[in-house]
Amino acid sequence: MPFCSPPAHPDASQEVPAVGVKVENLVKNFGSLSVLKNVSFEVKPGEIFVLMGPSGSGKSVLLRHVVGLERATSGRVMIEGHDAAVEETRQHVCIGLVFQAGALFNSLSVYDNLALYLREHRVGSEAEIKTKVLHALKILSLENTAKKFPSDLSGGMKKRVAIARSLVMEPQLLLYDEPTSELDPVMAATISEIIASLRDQYRVTSIVVSHDRDLALNIADRIGLLMNGELIMVGTPAELKASQDPRIVDFLHPKFDLHNPRFKKLET
Amino acid sequence: MKQLRNICDGVGSVLALLVRSVGYAGTLPLQLGRFIEQCYLIGYTTLPIVAILSFFIGSVLALQAGYSMQDFGAKSFIGSLVGLSMARELGPMMVSILLAGRVGSAITAELASMKVYQEIDALETMNIPPARMLVMPRLAAVIVMMPVLTIIANLVGWFGGAFVSSHVKFIDIDSSTYFGALRHYTKFKDVANGLIKAEVFGFVVVLVCCSIGLRTRGGPREIGASVTRAVVTSLIMILVLDYFLTQVLLLISPS
Ligand SMILES: Nc1ncnc2c1ncn2[C@@H]1O[C@H](COP(=O)(O)OP(=O)(O)O)[C@@H](O)[C@H]1O
Ligand SMILES: [Mg+2]
């Protein structure tokens with residue numbers, strides 16, 4: 001079958017083994033622009049790995065390599081022993097990606113957005129699909145939005161619909177690209193809780209790209225810090241907090257110095 | 001040099017898309033809903049403008065023919081001229097041009113915005129090939145709808161010619177003379193020639209517009225640029241293909 005066959009029943013997904021991810025010496029250049037410079041790290045099965053880093057450091061590009069949307073210049077990403085760049089990998093391992101902007105299908109209602117994957121891959125009857133879709137909507141408290149279109153949703157709702165849409169795929173590996181950006185603090189915390197509880201419930205391996213400090217320190221098992229395309233540290237939240245590296249300290253606790261602002265330092 | 005490479009890239013991706021989409025032809029019965037929706041969009045929504053334009057094209061043909069032929073006393077041949085020109089050339093050509101402007105631009109805009117807003121990427125992560133879900137049903141629909149639209153264009157154009165011939169004073173030919181000449185000189189072969197052309201043009205227009213839409217990169221401004229490029233490329237393809245196709249068809253079925 002041309003897709004990662006999801007388990008027949010939502011509850012059965014606990015039996016699907018979680019997968020590990022290995023990023024090996026990943027290098028990515030866009031023309032002369034070097035975005036990822038020899039990045040290596042490992043994500044253990046069932047873990048929440050948070051990838052932090054300033055904007056433009058290459059976090060989204062890295063995630064796109066994990067789902068096989070981007071070809072590496074050199075190096076590779078291995079998912080449970082399968083090369084992510086090979087198309088067949090997605091048939092062995094079910095990977096969900098929650099895009100930063102949601103990437104919801106604008107011409108489809110929320111319900112159809114969620115049902116599309118199941119319909120296209122003929123996963124069960126329309127009644128079974130309905131059960132699954134409504135279940136996923138309920139997990140993210142989106143029951144009332146089923147008939148709405150993406151353009152009618154608020155930012156927080158779109159993010160949750162995007163998560164729900166990945167969830168109906170019953171993925172073994174779930175990637176989130178800045179799931180809490182552009183959200184108010186309470187909604188951001190809600191999404192963080194959702195990510196953590198999804199992992200506990202379904203044991204999916206999660207890679208979360210975010211520069212949300214609270215999310216990282218609260219739900220991450222391990223954190224990687226990407227700066228200018230280089231991974232400058234990987235460690236537990238406690239290790240990150242204890243780090244004395246000035247770049248890390250400044251990233252986690254940027255000081256506001258109104259008399260000597262950063263952008264002025266750049267000019268000299 | 002760079003432009004030449006762009007063109008080669010473009011041709012390459014059109015061909016690749018063609019191969020992939022045709023490979024998914026077997027999934028058509030599973031996508032009947034999409035196929036019917038596309039038939040509706042391609043056929044039904046272009047029908048009014050096709051009818052209006054072909055009426056006027058037939059009329060103008062008759063008018064010009066009547067004007068040029070009045071001195072030779074050859075006015076009774078107006079019907080054959082309108083009949084042949086519509087069937088062999090103007091019907092298919094005009095339907096294809098309207099298809100490019102009306103349907104092709106919409107296809108490119110839709111696919112380009114799906115690409116720019118990462119919906120295409122999302123499909124790929126879901127293991128749903130865009131060629132299967134977005135391109136193949138459109139190609140199937142255009143194959144079905146082009147002959148229908150062209151036949152309607154021919155019929156309406158012929159009646160437009162008849163209307164002008166019988167109502168304009170300096171021509172003044174009654175409908176039976178007009179249709180007599182038309183029937184005598186316009187053979188099934190001529191209509192079939194035109195339908196083959198329409199089929200090829202329509203298929204190429206939809207394929208090119210899909211390919212350009214899916215190849216869009218960047219932001220909203222590029223969506224507009226892609227639509228322009230798709231329509232211009234379609235028009236060029238129609239005119240260039242028309243010449244060569246006419247040559248080939250004349251070789252295959254000489255009069
Ligand atoms: N398709 C692309 N072509 C060229 N440059 C790109 C492309 N995608 C990303 N980049 C560049 O790669 C760098 C990292 O981008 P990104 O991974 O999106 O950053 P972020 O860490 O904020 O997610 C940026 O400088 C961006 O301009
Ligand atoms: Mg990003």
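Computed over heavy atoms, backbone and side chain alike; hydrogens, waters and symmetry mates excluded.
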Honestly, the part of B:Leu30 sitting under 4.5 Å from a heavy atom of chain A is both
Turns out that what part of A:Phe99 lies under 4.5 Å from chain B's heavy atoms comes down to side chain
Honestly, the part of A:Arg64 sitting under 4.5 Å from a heavy atom of chain B is side chain
message: For the residue pair A:Lys28 and A:Phe30, would you count it as a cation-pi contact if the rule is NZ or CZ under 6.0 angstrom from the ring centre and within 45 degrees of the ring axis?
response: yes
Side chains of A:Leu51 and A:Val208 in contact at under 4.5 Å (non-hydrogen atoms): no
Problem set entry | Min side-chain heavy-atom separation A:Phe105-B:Leu123 under 4.5 Å | yes
CG (A:Leu114) and OG (A:Ser109) are apart, to the nearest 0.5 Å, by 9.0 Å
